[in-house]
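Report on one structure; see the data block that follows.
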2 protein chains.
Amino acid sequence: MATTRTLNKSRQRDAILNYLLPRKDHPTADAIYNAVKEEFPNISLGTVYRNLSLLAELGVIQKISCGDNSEHFDGNPKPHNHFICSECYSVIDLEMENIDFIDTLAATNFNGKISGHNIYFYGKCPNCLKKETN
Amino acid sequence: MATTRTLNKSRQRDAILNYLLPRKDHPTADAIYNAVKEEFPNISLGTVYRNLSLLAELGVIQKISCGDNSEHFDGNPKPHNHFICSECYSVIDLEMENIDFIDTLAATNFNGKISGHNIYFYGKCPNCLKKETN
DNA sequence: CTGCATGCAAATCTTTTGCATAAGA
DNA sequence: TCTTATGCAAAAGATTTGCATGCAG
């Protein structure tokens, strides 16, 4: 049988979500922990991790692996593309036209089933680019 | 001044590289460690990590973050796209036509400098797909 | 009440690092 | 002999987990 998951209301989970949803950057669990701690001084890192995992599983938020050895979280669950700065590892949403047709291109000569993709563009972010010009 | 790096020959590094280069899968550092240990019973995990990082920096191999909380390594340094199974997390090379033009699409409305991209397609790998049909 | 959620600490896992020694040039 | 590489163990980070307790339904 399928796992039945009944969610109780939780002030902590709400706070985590409220913090993350309006953000444009993509904080780590630890950053979220430190932010939410201002409202809930006793909240624990474990709770933050548990809720972030839960929310990601439910598809309410996204988990992003950008290669700096810690997961980042994105309050926007809809598929979209990211830019990761090779220098400072900041993660930025890219607003670009839909290119889902690449799934079809990828499916050629592949025996598995492709259901989507994540694209990480890389290079230098506006900030690092500016610093460099100095 | 630029950092001058003089590489000595190293049997261990060669063994790591020889193990990785012909592979089609994308093992983790630990998997590589266990494999190379058969030839060098005394090799240490630290040495494996040090050499993998070094080789990745030199552009001889690639480091791949696929979201399972450990880095995978790809003996093919040339840009190409990967498929990651949502179920078993195996990482598979995709052979598909070049779609580098998406960099240009992504650069629209973006103030940073885009120098490339990594695409991770996801879905079910041939193996998991087969099991499911049973 | 009954079960889900939390806080806390300990445990895991992955990766990095310091240091004394070994190997390469 | 001088520098780079290694092995080992400890350290550092990130994430997970066990458990007793607290809160929601």
Side-chain angles (χ1 to χ4, degrees), chain A residues 1-20 26-58 60-74 89 91, chain B residues 1-20 26-58 60-74 89 91:
Chain A
M1 60 187 174
T3 303
T4 304
R5 171 159 13 211
T6 313
L7 287 199
N8 274 357
K9 190 165 165 302
S10 143
R11 293 169 155 280
Q12 287 88 338
R13 186 186 304 135
D14 288 349
I16 291 169
L17 205 45
N18 288 334
Y19 173 76
L20 191 56
H26 304 70
T28 60
D30 196 63
I32 295 168
Y33 165 67
N34 282 300
V36 174
K37 200 160 50 171
E38 310 219 334
E39 190 182 351
F40 290 85
N42 291 324
I43 198 172
S44 75
L45 241 191
T47 296
V48 173
Y49 272 105
R50 265 184 296 237
N51 278 302
L52 288 171
S53 296
L54 178 60
L55 292 168
E57 266 178 52
L58 294 176
V60 180
I61 64 175
Q62 272 190 78
K63 202 186 258 194
I64 296 173
S65 302
C66 72
D68 68 346
N69 282 339
S70 60
E71 302 290 334
H72 292 238
F73 295 87
D74 186 341
Y89 286 103
V91 183
Chain B
M1 62 186 175
T3 303
T4 305
R5 171 161 13 216
T6 315
L7 286 198
N8 274 356
K9 191 165 163 306
S10 144
R11 295 168 154 280
Q12 288 87 338
R13 184 185 307 136
D14 288 349
I16 291 168
L17 204 47
N18 288 334
Y19 173 75
L20 191 56
H26 304 71
T28 60
D30 194 64
I32 295 168
Y33 166 66
N34 282 300
V36 175
K37 201 159 51 171
E38 309 219 334
E39 188 183 351
F40 290 84
N42 291 325
I43 197 172
S44 74
L45 240 192
T47 295
V48 173
Y49 272 104
R50 267 184 295 238
N51 279 302
L52 288 171
S53 296
L54 178 61
L55 293 168
E57 265 177 54
L58 295 176
V60 180
I61 65 176
Q62 270 190 79
K63 203 186 257 196
I64 296 172
S65 302
C66 73
D68 69 345
N69 283 339
S70 59
E71 302 290 333
H72 291 240
F73 295 86
D74 186 340
Y89 286 103
V91 183

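Quick caveat, the model's predicted, so the values are computed rather than measured. Chain A is the first sequence line, chain B the second, and so forth, proteins listed ahead of strands; every chain is numbered from 1.
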- prompt: dT15(C) phosphate, OP1 or OP2: any side-chain N/O from Ser53(B) under 4.0 angstrom?
  reply: no

- request: Remember a base hit wins even if backbone is also touched, and classify Asn69(B) as base, sugar-phosphate or nothing at under 4.0 Å, heavy atoms.
  value: sugar-phosphate

field: Atom-to-atom span, NZ of Lys63(A) to P of dT15(D) - whole angstrom
entry: 8 Å

task: Grab the CG-P distance between Asn8(B) and dA25(C) for me, whole Å please.
output: 5 Å

- prompt: Any side-chain N or O of Tyr49(A) under 4.0 Å from OP1/OP2 of dT15(D)?
  reply: yes

- request: For Glu57(A) and dT15(D), give me the distance from atom CD to atom C1', rounded to whole Å.
  value: 14 Å

Atom-to-atom span, NZ of Lys9(A) to C1' of dT6(C) - whole angstrom: 15 Å

task: Apply the test side chain to side chain contact (heavy atoms under 4.5 Å, CB included) to residues Leu7(A) and Leu58(A): give CA-CA distance (whole Å), side-chain angles for both, the deciding distance (0.1 Å), then the verdict.
output: CA-CA 11 Å; Leu7(A) 287 199; Leu58(A) 294 176; 3.7 Å; yes

message: Are there over 12 heavy-atom neighbours, none belonging to Tyr19(B), within less than 6.0 Å of that residue's OH?
response: yes

query: With a non-hydrogen cut-off below 4.0 angstrom, is Asn51(B) in contact with a base, only sugar-phosphate, or nothing?
result: sugar-phosphate

message: Nearest 0.5 Å, please: how far is OG1 in Thr28(B) from CD1 in Ile64(B)?
response: 12.0 Å

field: Nearest-angstrom distance from the residue atom CG of Leu7(B) to P of dA23(C)
entry: 19 Å

task: Check whether any side-chain nitrogen or oxygen of Gln12(A) sits under 4.0 Å from OP1 or OP2 of dG7(C), and answer yes or no.
output: yes

- line: Between CG of Leu54(A) and P of dT15(D) the distance, given in whole Å, is 17 Å

- request: Provide, to the nearest angstrom, the distance between the CG atom belonging to Leu55(B) and the C1' atom belonging to dT15(C).
  value: 16 Å

N/O donor-acceptor pair, side chain Arg11(A) with base dG7(C), under 3.5 angstrom: no

- line: Per-helix bend value, the helix from dC1(C)-dG25(D) to dA25(C)-dT1(D), C1' rotation axes over five pairs per end, 10° rounding, shows 30°

- line: Here the distance between atom P of dA9(D) and atom CG of Asn42(B), to the nearest Å, is 11 Å

message: Applying a 4.0 Å non-hydrogen cut-off, can you work out what Ile43(A) is touching in the nucleic acid: base, sugar-phosphate, or nothing?
response: sugar-phosphate

message: For the backbone of His26(A) and the side chain of His72(A), can you confirm whether one donor and one acceptor N or O come within less than 3.5 Å of each other?
response: yes

- prompt: Nearest heavy-atom pair of Phe73(A) and Leu20(A): which atoms, and what distance?
  reply: O-CD1, 3.7 Å

dG24(C) base / Arg13(B) side chain donor-acceptor hit below 3.5 Å: no

field: Thr47(B) vs dG7(D): side-chain N/O to OP1/OP2 distance below 4.0 Å
entry: yes

message: The criterion is side chain to side chain contact (heavy atoms under 4.5 Å, CB included); which residues satisfy it with Ser65(B), sequence neighbours excluded?
response: Ser65(A), Glu71(B)

message: On DNA chain D, does the nearest nucleotide to Asp30(A) precede the nearest nucleotide to Arg50(A) from the 5' side, or the other way round? Give the residue.
response: Asp30(A)

query: Looking at Asn51(B), Asn8(B), Thr47(B), Asn18(B), which one forms a side-chain hydrogen bond (donor to acceptor under 3.5 Å, both in side chains) with Arg13(B)?
result: Asn51(B)

query: Is any side-chain N or O of Ser10(A) closer than 4.0 Å to OP1 or OP2 of dT6(C)?
result: yes

field: Identified side chain to side chain contact (heavy atoms under 4.5 Å, CB included) partner of Ile61(B) from the options Asp74(B), Ile16(B), Leu17(B)
entry: Leu17(B)

